[in-house]
Amino acid sequence: IGLICLVLFSALAGAFFTVRTMLRALEQLHAGTEIIGAGNFEHRVHLGSSDELGILGAKFDAMAARLQEQVEQGKRLEQELLQRERLVTL
């Protein structure tokens, strides 16, 4: 019976740590969506694991990088357009 309790305890402890790790990753992803949604396009989640959540985090970071580049490109184009308008009005 002692061995059964030990095995049961080990399984429960392993499950607890697995679930806790998954929840932390999901919380980081959720926070990342809020931060980027608020306009901070430089934010990355950097989950750093190789499991499915880590892959999702890497894809999320890649998406954020593309979004950041598009926003920066839009700003550059806007500045260029403003400069051209100024030249035309001279």
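No experiment lies behind these values; they were computed from the predicted model shown.
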Roughly how far, to the nearest 0.5 Å, is [atom2] of [Y] from [atom1] of [X]?
X: His43; Y: Phe60; atom1: NE2; atom2: CZ; answer: 6.5 Å
X: Leu8; Y: Ile1; atom1: CG; atom2: CD1; answer: 10.5 Å
X: Met22; Y: Ser49; atom1: CE; atom2: OG; answer: 10.5 Å
X: Ile36; Y: Phe41; atom1: CD1; atom2: CZ; answer: 8.0 Å
X: Leu77; Y: Leu82; atom1: CG; atom2: CG; answer: 11.0 Å

- request: Flag yes if more than 12 heavy atoms outside Glu85 fall under 6.0 Å of its CD atom; otherwise flag no.
  value: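 Atom CD in Glu85 is crowded, with more than 12 foreign heavy atoms closer than 6.0 Å.
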- prompt: Considering residues, nucleotides and ligands other than Ile4, do more than 12 of their heavy atoms fall under 6.0 Å from its CD1?
  reply: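 No, the 6.0 Å shell around CD1 holds no more than 12 heavy atoms from other groups.
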field: Single-linkage hydrophobic cluster Leu67~Val45, side-chain heavy atoms < 4.5 angstrom
entry: yes
field: Ile35-Met63 co-clustered via ILVMFWY side chain contacts under 4.5 Å
entry: no
message: Within the 4.5 Å heavy-atom criterion, are Arg24 and Arg20 side-chain neighbours or not?
response: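 Side-chain contact under 4.5 Å: yes.
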- request: Please assess Leu26 against His30 for the test side-chain contact (heavy atoms from CB on, under 4.5 Å), listing each intermediate value before the final yes or no.
  value: CA-CA 6 Å; Leu26 290 172; His30 179 261; over 6 Å; no
- prompt: Picking from Arg66, Glu72, Gln70, what satisfies side chain to side chain donor-acceptor pair (under 3.5 Å) with Gln68?
  reply: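 Passing option: Glu72.
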- prompt: Would a distance-only check, ignoring hydrogens and angles, find a side-chain to backbone donor-acceptor pair under 3.5 Å from Asp61 to Arg44?
  reply: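 Checking the backbone N and O of Arg44 against the side chain of Asp61, no donor-acceptor pair under 3.5 Å is found.
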Leu47 to Gln28 - nearest heavy-atom pair and separation: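 Scanning both residues completely, I find the closest heavy atoms to be CD2-OE1, 3.3 Å.
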task: Kindly give the heavy-atom pair with the smallest separation between Gly57 and Leu29, and that separation in Å.
output: CA-CD2, 4.1 Å
message: Looking at Arg76 and Glu69, is any side-chain nitrogen of the basic one under 4.0 Å from a carboxylate oxygen of the acidic one?
response: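 Salt bridge flag = yes for Arg76 with Glu69.
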